[in-house]
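Working notes, beginning with the structure itself.
Below, each value reflects all heavy atoms present in this structure, side chains not excepted, and no hydrogens, waters or symmetry copies. Naming convention: chains lettered A, B, ... in sequence-line order (proteins, then strands); numbering from 1 in each chain.
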Protein chains: 2
Amino acid sequence: MTDDPKRRLFNTFATVAKALGNGHRLELLELLAQDERSVEALTRLSRLTFGNVSQHLQQLRRAGLVDARKDGKHVFYRLADDEVVKLIASLRRIAERNLAEVDRVVSGYFRERDSLEALSREELVARMQDGLVTILDVRPPEEFAAGHVPGALNITVKELGERLGDIPAGQEVIAYCRGPYCVLSFEAVALLRKRGFEARRLDDGYPEWKAAGLPVEAGPASD
Amino acid sequence: MTDDPKRRLFNTFATVAKALGNGHRLELLELLAQDERSVEALTRLSRLTFGNVSQHLQQLRRAGLVDARKDGKHVFYRLADDEVVKLIASLRRIAERNLAEVDRVVSGYFRERDSLEALSREELVARMQDGLVTILDVRPPEEFAAGHVPGALNITVKELGERLGDIPAGQEVIAYCRGPYCVLSFEAVALLRKRGFEARRLDDGYPEWKAAGLPVEAGPASD
DNA sequence: ACAACATTCTATTATTCAATAGAATAATAA
DNA sequence: TTATTATTCTATTGAATAATAGAATGTTGT
């Protein structure tokens, strides 16, 4: 099209941005930020048709945002790079700061956000060194097994009511899940507080933790 | 459209990405990363028509990426936030790592890149503390005046040949300009080396320096 | 008030994109 | 081999986007 190198670079960068410019694709990327998944699994987890998911994934692949691996009948997709999580986080930050729309949605549906006094990753790292916190991962066991914050306890929100006994008393609980807008940790903190625990949320989730290069642990649930 | 809050958020984030999904708009953002500019100035600097520039700017504004200020007959646009520079840098990093196209363009037109041994921001900060480097800003004086790395000398590539005497001998020169793909600093380093100076490039430019929160200085050229 | 200028708005057209359905591949199971 | 399942590819439709030209708005200078 053009042969001005600067322009060609801008156009190439634009193709990456274009791939991010669709809500469904961002949703797929969020799902992939948890763990690699097959097209079938992604179809189940999103509300799209099979063929449509496949096409979106291929756009993401052309843009270099995801990679694919074939295993038997299944094709497993995963993020090409942890930098993708950072890119999306950067997108989110700009949207949060500069678009009133985000405020309205967030304050409408995630109202307790501030009242639950979210903790930053840095603060959590500091607390972990002191060793006086219980870290609670409220995601499903499969996602936990694919990777989690070292030493975290895995109890889903559903089980939480019956497993309060597994949580060490007397020290603060920090709950996290899939990301900044994942409601699971909000619910967990609300429940824990009602039952007398001192509990707070991590202000984002596992993918951001991993992308930041902080240590992770993998394997089956630790209980 | 939908009232699933998660989906509404993704759609909102997607509108920001969509605004970035066009080479011309990325070019406008790069120009704005230097300094605020009027629609007229941007029309001159890009190869777009006046009306088209205006429309692109309005898309950028709707996406919360730029702000506008009216002064007399002119409307001046500027980046809404330094985070925008970081977002674009993140986009660039992913494109560089994962798309062969970028490699081809970069190695075709910016071949000397590696041979000129670019220096990172962090390394430059360390060198500045030792005080044994000359920092050379090769951008036009207007851009220099709008903000530059503290202590930098402003000499454009055009003047450089006749003003070598202004450069302290015996210490390394670090040149920078508008960003990682700005050719000015490549040319400056090539010229300086030919004339016997020890010279290297900063691996990105002023906008990235500023966005990283490093100290900046403003005002007329320091010579 | 009028003319000149910078900018935005509107309408039009060509291009690109999203979603759907159905055909084509490719791997496994019977 | 045939059937089954997971996935990709192709074609089609309707929707969104980009570029252009020209009208409308608003500000400054006379």
Check this for me, if you would: do [X] and [Y] make a salt bridge, where the nitrogen-to-carboxylate-oxygen distance has to be below 4.0 angstrom?
{"X": "B/Glu143", "Y": "B/Arg37", "value": "yes"}
{"X": "A/Arg139", "Y": "A/Asp137", "value": "yes"}
{"X": "A/Arg121", "Y": "A/Glu208", "value": "no"}

Under 4.0 Å between a side-chain N or O of [X] and OP1 or OP2 of [N]?
{"X": "B/Gln55", "N": "D/dT20", "answer": "no"}
{"X": "B/Tyr77", "N": "C/dA6", "answer": "no"}
{"X": "B/His74", "N": "C/dT7", "answer": "yes"}
{"X": "B/Ser54", "N": "C/dT8", "answer": "yes"}

Send over the distance from [X] [atom1] to [N] [atom2], rounded to a whole Å.
{"X": "B/Asn11", "N": "D/dA16", "atom1": "CG", "atom2": "P", "result": "12 Å"}
{"X": "A/Asn52", "N": "D/dT8", "atom1": "CG", "atom2": "P", "result": "13 Å"}
{"X": "A/His24", "N": "C/dA19", "atom1": "NE2", "atom2": "C1'", "result": "9 Å"}
{"X": "B/Arg62", "N": "D/dA16", "atom1": "CZ", "atom2": "P", "result": "14 Å"}
{"X": "B/Leu48", "N": "C/dT8", "atom1": "CG", "atom2": "C1'", "result": "16 Å"}
{"X": "B/Leu28", "N": "D/dA19", "atom1": "CG", "atom2": "P", "result": "10 Å"}
{"X": "A/Glu40", "N": "D/dT8", "atom1": "CD", "atom2": "C1'", "result": "15 Å"}
{"X": "A/Leu57", "N": "C/dA18", "atom1": "CG", "atom2": "P", "result": "13 Å"}

Do the non-hydrogen side-chain atoms of B/Ile155 and B/Ile167 ever get within less than 4.5 Å of each other?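 A side-chain contact exists here, since the closest heavy-atom pair is under 4.5 Å.
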Taking the side chain as C-beta and beyond, is there a heavy-atom pair between A/Leu20 and A/Leu29 under 4.5 Å?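 The answer is yes; the side chains approach within 4.5 Å.
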Just compare C/dT8, C/dA6, D/dT8 and give me whichever is closest to any side-chain atom of B/Val39.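 Nearest listed nucleotide: C/dT8.
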A/Phe10 and A/Phe13 aromatic ring geometry - parallel, tilted or perpendicular at 30°/60° bounds: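 Geometry flag for A/Phe10 against A/Phe13: perpendicular rings.
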Minimal non-hydrogen separation, [X] against [Y], with atom names:
{"X": "B/Glu142", "Y": "B/Asp35", "value": "O-OD2, 4.2 Å"}
{"X": "B/Ala80", "Y": "A/Asn98", "value": "CB-ND2, 3.9 Å"}
{"X": "A/Val138", "Y": "A/Cys177", "value": "CG2-CB, 3.7 Å"}

Residue mapping more 5' on DNA chain C - nearest nucleotide basis, B/Ala68 or A/Gly21: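 In this pair, the answer is B/Ala68.
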Expected string for nucleotides 12-17 of chain C under the B/S/- scheme (protein heavy atoms, under 4.0 Å, primed atoms plus P, OP1, OP2 as sugar-phosphate) is -----S
Determine, for nucleotides 23-30 of chain C in 5'-to-3' order, which nucleotides have protein heavy atoms under 4.0 Å from the base (write B), from only the sugar-phosphate (write S), or from neither (write -). ---SSS--
